[in-house]
Every structure is written in structure tokens, then in C-alpha cells.
Trainee: 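Have a look at this one.
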Amino acid sequence: MEHKLSLYNSLTRKKELFKPLHSPHVGLYVCGPTVYSEPHLGHVRMAITFDTLFRYLLHLGYKVRYVRNITDVGHLEDEVAGTGEDKISKKAKLEQLEPMEVVQKYKLMFQEVLQILNTLPPSIEPQASGHIIEQQQMIRRIMDNGYAYEVNGSVYFDIETYNKKYTYGQLSGRKVEDMLANTRQLEGQQEKRSPLDFALWKKAGDEHIMRWPSEWSEGFPGWHLECSAMSTKYLGETFDIHGGGLDLLFPHHECEIAQTVASQGKDHVRYWMHNNMITIDGQKMARSLHNFITLKELFTGSHEKLERGYTPMNIRFFLLQAHYRSTLDFSNEALQASEKGLHKLLKAIENLDRIQAGKQSTLSVVPVIEKCFEALNDDLNTPIAIAQLFEGVRLINLLLEGKETLDPTDLERFSTFMKNICYEVLGLQPLEQSLTHDSAEEGLLQILVDLRLDARKNKDFATSDLIRDKLNELGIALKDTKEGTTWERIG
RNA sequence: GGUCGCGUGGCCGAGUGGCUAGGCAGCGGUCUGCAAAACCGUGUACGGCGGUUCGAAUCCGCCCGUGACCUCCA
């Protein structure tokens, strides 16, 4: 595998050359959504970031097993209030639905949205509720190794004991003593020996409707366990890449490391990757802050922050124009700017097939190709890769006008490069056919275009402009080009 | 309070100790009956104050602003 892909490893806080454990196989695990409400822009950033990584790894020739979980159990919502109620079950009661009905509804919604955004389906999409046994087995191992204790039917992870042999807090750069000094005293934690300890298994209260039998109690697994259990099951005890949102870094991923290491006695993830947050008005977009925009709203424009709807590819391109480790601020202006840029890019790539090869090449396509791959190899720097594609656009237009030429070999190479990066790696899709497929409508439009052409030939500009303006009012824009008049639907 | 990050031209957003990021907008031009579209060209910006250096927006210090995590969160 000849490449120099470097990835920023959250664990070491450095870019590191990526070397898979068992090349050409790569194991990739990404924390997916908790399916209890509609997908929003933040979820999509996670999905598109790691979809692009998945695509690039495939492009480099790796055989990737991409596992993205669906969280449908656990994740205590409000331990502070002592209810110990599970997010899924709370929403279920609210809507008078079975928990699994909620799960099903939102799971399908996520999958649909992600498909519309042209993300490739993961190799495996495991659900936590389907892996209760595996989670219990892992708890057993952790207890056998002496890193967990049971209290009243609940099992907690023992940070202090773990920290004697291993180091807790490496991923997030925290020290156990500092954390102890700064811990808020929360109620409802009397069972824990230390405030830092976290639940591996929780005994279910009467009101808790998602529950499973276990040797400790009828209950449910702790917040972080599913990822440890499922990643181990499908990718092995030690695997290559684990990804997720930056907000999961602590405590979720920190606990995941501790659990897994405690159960198997060795490291489990080699490269940790975290995508940064989408912000809106400078603040993190989150369900808990009630400032999120769902994908449905983005597509339709039905949100007070939205001036209008945006296409899936527009959203995908917008996200890719920022580096995944930077925060990205949402705005209509930014979205509309990338919409125009995307249109320009896709139009140019469509035009690639119209370029005639010349006898010899008057320019070199090597620099743009090399720079583009350098960018992707540099921690998946999609903004720079895209900048290189725009350089490619400039070349395409020079070639179209005959100001420069490429010999057949170079043209083929250049064309393949542009299409591969754009469609295969970045996952952008060709422009939708804006012309109507309705032959009657198409014919009518052609008649009007021809009439207008006649009028213009006769210098009857009043008539020609009337046709143009009236069509515009109907949402059809006429575009006069050298090759003739075309039309596009607008708005 | 603790930990970590960010502050780039009108907007979004890369990057870097000296070598063009890019997109959008603006401006100029080509094309056009006019316009739109399309295409070409064009912008020495890096929060403030000090310091290191031949040279810093890029390194260091201080300050200001802002955000993330520390509770579920992509």
C-alpha cells in the first residue's frame, strides 16, 4: 500500500502515519447516533467525515470493515435527578410508543437521510440492544479482573483500582487527582465508591421499561459499554481506527478505553479520531441546547434560521469545505456560497467529456493531482483537496477553449482523477438533470425557445424578452450560450 | 474553577517562520441587441501589546474576545 496517509490521533495529539495492524485490512469503528429524535446537522458531520475517510481508505486499496453502531439502549439521561431513566424509554412514554418503535422510526430516518447524503452504508450497523449478552460478558471479565464492583444489583467501574495499573484520562488529558479535586457532588451517586466511577450495569427502577435479566439484577447496560463490546466483537481486541464526535471524547471514549483495557489487559484502539462540532451563532448545535436544525428542515427550508432549502449535495459539499477538526459555523450565506461553488465544479466535470485530446500536452496535470493527494494524505484535508479541484476547473475551461491541450494519455489521467476525487472520494453526485423529462413540457419549451430565437433574428426584442421574462416568472431560466439556448429550473 | 481549543481580507474557510490556498461577494474584462448565465483577470488579511529572529500572521509571554469538555450529546 503505497501512500503517506497521516491521521491526527487524539490520543497522542499528533499527526501519525497510518499503518493498519493487518494491512490491507482496516478496522474502523465510529460512534453512531442515539436514535430517539430526528437527525440534525451535527450527526451528519460525523457521518460525512467518516464516510469520506471510509471512501478514501477504499480508494487507497484497503479492505475496510466499517462498523457504525446505533445506540438504542442505555445512556442514562438524568442521573442527577435520580430517576435513572433511559433516554429511549422516556421518549417512548412521551409519545405513547413502545421503545423499540421509537428506535425503529428514528433508525430508519437516519438511514434514509444518510443515504440521501450519499454516504456509503457501513459494513455492519450493530445495535446495542442486540448485544446485551456481549456486554454482560464484558462486565464479567472486568469484574473477574478486579476492576468493577457490585452494589445493590448495579455494577460500577472502579477508576481508582484501574488507575493503579493503567492510566485513566490519557485521551482527554485529565488526571485522576485533578478530577477528584474538581468533581461536583452529585446526588444519587451514593452507590459509587468514587464520583469518577461509572456504571457498567444499572438495576432498573420500576418505571424503567427497557430491561434485561442478568446475574446482578434486572436492568440495563451502562452508557459506554456497548461500543467496547461491539467494537471488540466485530473488529477484534485491538483495531485500527475509532471515530466519533469531539463531544464524545470525554467521558464516553475515555470510559470505553478503561473498560476495554480492564477486560482484556491490552490497548484496543490505535488511532482515535474526532470530528469537531457544527456551531450556530457561534454555539454548539445540540439537542440539549435546542438550537439544532434537522436535515428535513435543511432540505425543505422549514426552519426560522433558514432562508430556503438546500440540497443534500450542497450540505455535503459545505461540510467538506471545512476541515473535520475545525468547528464549522452554520449560516445561509456560507451554504449559498458553497452551492454556487459546487455547481461550478460539477458543471466543469460534466464538461470533461467534451474536451478533445490534442497531439501533445501543453500543460502538466501532475501538480494538481499531486497536491490534491498530498492534501488528502494530510489528515484528510478536504478543503485543500477541493481547492485543487477548482484549479482543475480552471484547467478544464482552458482546455475547452482550446487555449491548452492534453494528449490522450494525460487527458484520460486528468479526467479520471477529477471524477474519482469528486465522485468516489468526496462522494459528490453529478448535477441533477435540470431539464424536464416530461416530453410534452420539453417540447413546449423548445417551441418557445425557437420562437424567441426567431424574434431575436427579426430584432423583435419585445417578444423575445417577453418570452424570457414570463418563463422566468414560472421558474424557468433561459441561458444563451454559444451552442444555443438551454434552460434550467430555478428556485 | 479545572482542562483543551480558537480569533485570518465584506462572508465562509485553509495554511504557513521568508514562496498564490480555495469558494462566495465586489471590481475589471470577454460574450450578448440588452440582461442573465458562462468564462478570464483581480484582493499583501491574519484580535491587541511586548519579546525571540536577518525576517512572524506563523514561535514565546501577557492581555482581550470567544468556544468545547468537565452531565446525555455527532
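First the proteins, then the strands, lettered A, B, ... as listed; each starts at 1. Bear in mind that the values here come from a model prediction, so they are computed numbers and not experimental data.
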Trainee: Contact class for G341(A) (heavy atom, under 4.0 Å): base, sugar-phosphate, or nothing?
Mentor: sugar-phosphate
Trainee: So, OP1 or OP2 of G15(B): does either fall under 4.0 Å of a side-chain N or O from N381(A)?
Mentor: yes
Trainee: Does E160(A) CD have over 12 foreign heavy atoms under 6.0 Å away?
Mentor: no
Trainee: How is K371(A) classified with respect to the nucleic acid when contacts are heavy atoms under 4.0 Å: base, sugar-phosphate, or nothing?
Mentor: base
Trainee: Across all strands shown, which nucleotide pairs with G22(B) by Watson-Crick or G-U wobble geometry, both distances under 3.5 Å?
Mentor: C12(B)
Trainee: Using atom NZ of K14(A) as one end and atom P of C4(B) as the other, report the distance to the nearest whole Å.
Mentor: 17 Å
Trainee: Taking atom P of C70(B) as reference, at what distance in whole Å does atom CZ of F198(A) sit?
Mentor: 15 Å
Trainee: A387(A) has a side chain; which of G22(B), A74(B), G13(B) sits nearest to it?
Mentor: G22(B)
Trainee: Taking everything shown except K419(A) itself, do over 12 heavy atoms lie less than 6.0 Å from its NZ?
Mentor: yes
Trainee: So what does P383(A) touch, heavy atoms closer than 4.0 Å: a base, only the sugar-phosphate, or nothing?
Mentor: base
Trainee: Nearest whole Å is fine: how far is G67(B) C1' from N276(A) CG?
Mentor: 9 Å
Trainee: Taking atom P of G22(B) as reference, at what distance in whole Å does atom CG of L426(A) sit?
Mentor: 18 Å
Trainee: Using a 4.0 Å heavy-atom cut-off across all strands, classify H40(A) as base, sugar-phosphate, or nothing.
Mentor: base
Trainee: Does R174(A) qualify as a cation-pi partner of F250(A), given the criterion of NZ or CZ under 6.0 Å from the six-membered ring centre and within 45 degrees of its axis?
Mentor: yes
Trainee: Near Q115(A) CD, under 6.0 Å, is it more than 12 heavy atoms from other residues, nucleotides or ligands?
Mentor: no
Trainee: Just call it for L328(A): base, sugar-phosphate, or nothing, with non-hydrogen atoms closer than 4.0 Å on any strand.
Mentor: sugar-phosphate
Trainee: Determine which nucleotide pairs with G1(B), using a 3.5 Å limit on both distances of a Watson-Crick or G-U wobble pair.
Mentor: C70(B)
Trainee: Would you mind building the protein contact string for nucleotides 25-38 of chain B? One character per nucleotide, 5' to 3', B for base within reach (heavy atoms under 4.0 Å), S for sugar-phosphate only, - for untouched.
Mentor: S-------BBBBB-
Trainee: If you check every side-chain atom of A322(A), which of A14(B), G41(B), A74(B) has the closest atom?
Mentor: A14(B)
Trainee: Are S326(A) and A14(B) close enough that a side-chain N or O sits under 4.0 Å from OP1 or OP2?
Mentor: yes
